[in-house]
Structures are given as C-alpha cells and as structure tokens.
Amino acid sequence: MAKLQATELKMHVADLDAIKARIEAAGGTVSAPRVFEKNIRFEDAHGELAKASSVLRLRYDTRARLTYKDGQKVHDQYGSTRFEAEVEVSDLDTMQIILERLGFYPMFIYEKYRTTYELAGAEIMLDELPYGNFVEIEGDETTIRAVLDAVDFGKSKRYTNSYSVLFLVGQRNRGWSFRDLTFDNFKGIALDEAMFAGAV
C-alpha cells in the first residue's frame with residue numbers, strides 16, 4: 001500500500017538554476033526530468049470540498065493520476081502534513097467523465113513545469129509556475145530537515161499553503177479576474193513576492 005500521508009514545504013525562489021546547482025553539489029540526483037504538468041481540481045455542486053479544504057485532483061504529466069487530499073492539515077516549520085491518497089489511472093478523459101457523472105465539475109486548472117530530485121530520502125521538486133518559481137520538498141520531518149541543512153536556499157520565503165491557495169491570495173491582492181493558473185493567463189503580468197502577502 002502506498003503512503004497515505006504527505007508532508008510538504010514550499011519555497012518561492014528567484015533563481016531555480018542556482019538552486020539546482022546547490023542540490024546537485026549536495027549529492028541530489030534527478031529522479032524525473034523536467035515535464036509539463038496539468039492539474040484539474042474538482043468540486044461538487046455545493047462546494048463541500050472547498051468548505052472542508054479538501055482536494056480532489058486529476059493530474060497529467062507523463063501519466064495520469066487521481067489524488068484526494070484531506071482538509072485537515074498540521075502546520076509546523078517543516079511544512080504541512082495531511083492525509084493524501086493517490087492512484088494512477090489509465091485514461092484521463094474517461095476518469096474525468098466518471099467524476100463529472102458522479103456530480104463533480106472542474107473548478108480550477110493550474111499548470112507548471114516540474115523537475116524532481118532525490119536527496120537524503122526526500123523528493124525535491126523544482127516547479128516553474130505562471131506566477132513564479134518554487135521549490136517543494138516532500139518527505140518526513142527528518143528528511144526535510146536534512147535537505148534544509150544540506151542545501152542553501154538563501155532567504156527564500158517558505159509557504160505551507162497550496163499553489164491554489166497562493167493563487168487565491170494573489171487574486172485578492174492583485175485583482176486577477178481570470179479563473180485558472182495557466183501560462184497564457186499570466187502573459188504580461190508583473191510578478192513579485194508581494195502578490196502573496198498574507199499567505200502562510
């Protein structure tokens with residue numbers, strides 16, 4: 001059985017190439033090369049998932065996966081921890097049809113490019129999103145601490161909020177009128193750390 005709990009720490013970074021060099025210098029190795037990723041979050045007619053801060057997501061990169069994340073998070077200096085269950089599906093379009101027939105609908109789409117490293121038993125994801133570059137470290141507290149000790153992330157701002165919550169914070173702070181976190185929507189938009197003021 002796959003692990004059913006995930007601890008994640010996100011950092012907003014200015015220069016992913018510099019971070020990549022430091023990870024490799026510390027002994028990190030690429031476990032999955034850079035790939036485009038599309039994520040579709042689903043909601044029901046009454047908004048119950050959002051009310052509970054739960055996530056039902058279809059993700060497509062080199063494969064398709066359905067993920068459920070529980071809304072109850074534990075936050076600490078090493079990120080946020082919550083129940084997470086994920087399964088690979090053979091047909092993305094058919095899975096979406098099943099979800100829609102069950103009463104769910106696509107409520108938010110977000111895109112990114114992701115390169116994945118392994119170091120000290122943790123996964124380190126270098127994420128290029130439409131609103132900036134992030135590093136996400138996933139592992140238990142011990143492995144996340146080991147990565148933070150081994151790699152100099154400088155003064156990168158840490159976040160435990162999800163990418164979708166950071167998007168909502170940016171909407172509030174900057175008045176973005178579009179619904180989805182896509183590269184096309186962010187063409188020509190100025191980016192800075194103040195977008196996420198108030199996020200945790």
Side-chain angles (χ1 to χ4, degrees), residues 1-8 10 16 30-73 79-118 122-139 159-171 176-189 191:
M1 178 181 287
K3 64 178 181 179
L4 297 179
Q5 193 174 64
T7 301
E8 301 172 350
K10 291 181 177 66
L16 277 183
V30 175
S31 58
R34 185 176 185 265
V35 64
F36 175 76
E37 184 182 289
K38 181 177 180 180
N39 299 268
I40 308 170
R41 281 189 60 172
F42 288 83
E43 185 54 272
D44 65 21
H46 304 290
E48 296 297 332
L49 291 173
K51 290 175 186 175
S53 298
S54 297
V55 173
L56 181 62
R57 179 189 69 204
L58 264 180
R59 167 175 288 171
Y60 177 76
D61 43 38
T62 57
R63 55 197 173 118
R65 285 162 286 170
L66 177 68
T67 307
Y68 170 78
K69 296 186 179 186
D70 191 82
Q72 297 195 16
K73 287 186 180 182
S80 61
T81 303
R82 63 174 165 176
F83 175 88
E84 177 178 330
E86 184 172 86
V87 63
E88 189 167 345
V89 297
S90 60
D91 188 318
L92 179 80
D93 293 333
T94 300
M95 188 71 250
Q96 182 164 342
I97 290 170
I98 291 171
L99 291 173
E100 291 175 352
R101 287 297 182 110
L102 289 171
F104 297 99
Y105 69 92
M107 55 84 70
F108 178 59
I109 294 171
Y110 63 102
E111 300 173 339
K112 63 175 177 277
Y113 289 91
R114 167 170 280 184
T115 305
T116 305
Y117 281 81
E118 288 185 0
E123 282 193 319
I124 308 173
M125 282 72 77
L126 307 187
D127 290 340
E128 305 161 52
L129 285 103
Y131 56 23
N133 297 326
F134 288 79
V135 173
E136 181 176 304
I137 306 172
E138 183 172 325
Y159 293 101
T160 57
N161 286 138
S162 66
Y163 290 135
S164 57
V165 170
L166 290 175
F167 176 74
L168 293 174
V169 171
Q171 277 188 319
W176 301 329
S177 59
F178 42 84
R179 185 196 75 168
D180 296 320
L181 180 56
T182 63
F183 288 99
D184 281 344
N185 282 341
F186 274 82
K187 285 180 179 177
I189 292 181
L191 306 176

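- Taking OG1 from T115 and CG from L126, the interatomic distance works out to 5.5 Å, rounded to the nearest 0.5 Å.
- S31 places none of its side-chain heavy atoms less than 4.5 Å from the side chain of Y117.
- In this pair, Y131 and F186 present their aromatic rings perpendicular. The plane angle is above 60°, beyond the 30 to 60° band.
- Put simply, CG on L92 and CE on M95 are 9.5 Å apart, with the number rounded to the nearest 0.5 Å.
- With E84 contributing its side chain and T7 its backbone, the two residues share no donor-acceptor pair below 3.5 Å.
- Side-chain contact between L66 and L99: present, with at least one pair of heavy atoms (C-beta onward) separated by less than 4.5 Å.
- Looking at every heavy atom in both residues, S54 comes nearest to Y68 through OG-OH, 3.5 Å.
- Remark: the backbone N or O of D70 is paired with a side-chain donor or acceptor of R82 at under 3.5 angstrom.
- Inter-residue side-chain proximity for K10 and N161 is flagged as unmet; no heavy-atom pair is nearer than 4.5 Å.
- Inspection of the D127 and Y163 side chains reveals an N or O donor paired with an N or O acceptor under 3.5 Å.
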Set out, in order, the CA-CA distance, both residues' side-chain angles and the distance that settles side chain to side chain contact (heavy atoms under 4.5 Å, CB included) for W176 and N185, then state yes or no. CA-CA 9 Å; W176 301 329; N185 282 341; over 6 Å; no
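- Atom CG of residue L166 and atom CD of residue Q171 lie 12.0 Å apart, to the nearest 0.5 angstrom.
- Contact of the T67 side chain with the V55 side chain is not registered, since no non-hydrogen atoms from C-beta on lie closer than 4.5 Å.
- Note that NZ of K112 and CZ of F36 are 10.0 Å apart. Values are rounded to the nearest 0.5 Å.
- Rounding to the nearest 0.5 Å places CG of D91 at 8.5 Å from CD1 of I98.
- For the atom pair CZ (R41) and CE (M107), the distance works out to 5.5 Å, reported to the nearest 0.5 Å.
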Under the criterion side chain to side chain contact (heavy atoms under 4.5 Å, CB included), I'd like the reasoning laid out for R179 against I109: C-alpha separation, chi angles, the key distance, then a yes or no. CA-CA 8 Å; R179 185 196 75 168; I109 294 171; 4.0 Å; yes
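- Contact check on E8 versus K69 returns a salt bridge, with a Lys/Arg side-chain nitrogen under 4.0 Å from an Asp/Glu carboxylate oxygen.
- Between the side chain of E111 and the backbone N or O of F183 there is at least one donor-acceptor pair closer than 3.5 Å.
- A heavy-atom distance below 4.5 Å is not found between the side chains of D61 and R114.
- Between R57 and E86 the shortest side-chain heavy-atom distance falls below 4.5 Å.
- Checking side-chain atoms of E43 against main-chain N and O of A50 turns up a donor-acceptor pair under 3.5 Å.
- Closest of all the heavy-atom pairs between Q96 and I40 is OE1-CD1, 3.6 Å.
- Residues I137 and A122 share a closest heavy-atom pair of CG2-CB, 4.2 Å.
- When all heavy atoms are compared, the tightest approach of L49 to F104 is CD1-CE2, 4.0 Å.
- Between Y110 and R59, the shortest heavy-atom contact is OH-NH2, 3.9 Å.
- In this structure, L129 and F167 have side chains that are not in contact, with every pair of non-hydrogen atoms separated by 4.5 Å or more.
- Taking both residues in full, the closest heavy atoms of L16 and E128 are given as CD1-CG, 3.6 Å, listed atom of the first, atom of the second, then distance.
- For the pair R34 and Y113, the cation sits on the ring face: its NZ or CZ lies under 6.0 Å from the ring centre, inside 45° of the axis.
- Using a 4.5 Å cut-off on side-chain heavy atoms (C-beta onward), L102 and F42 make no contact.
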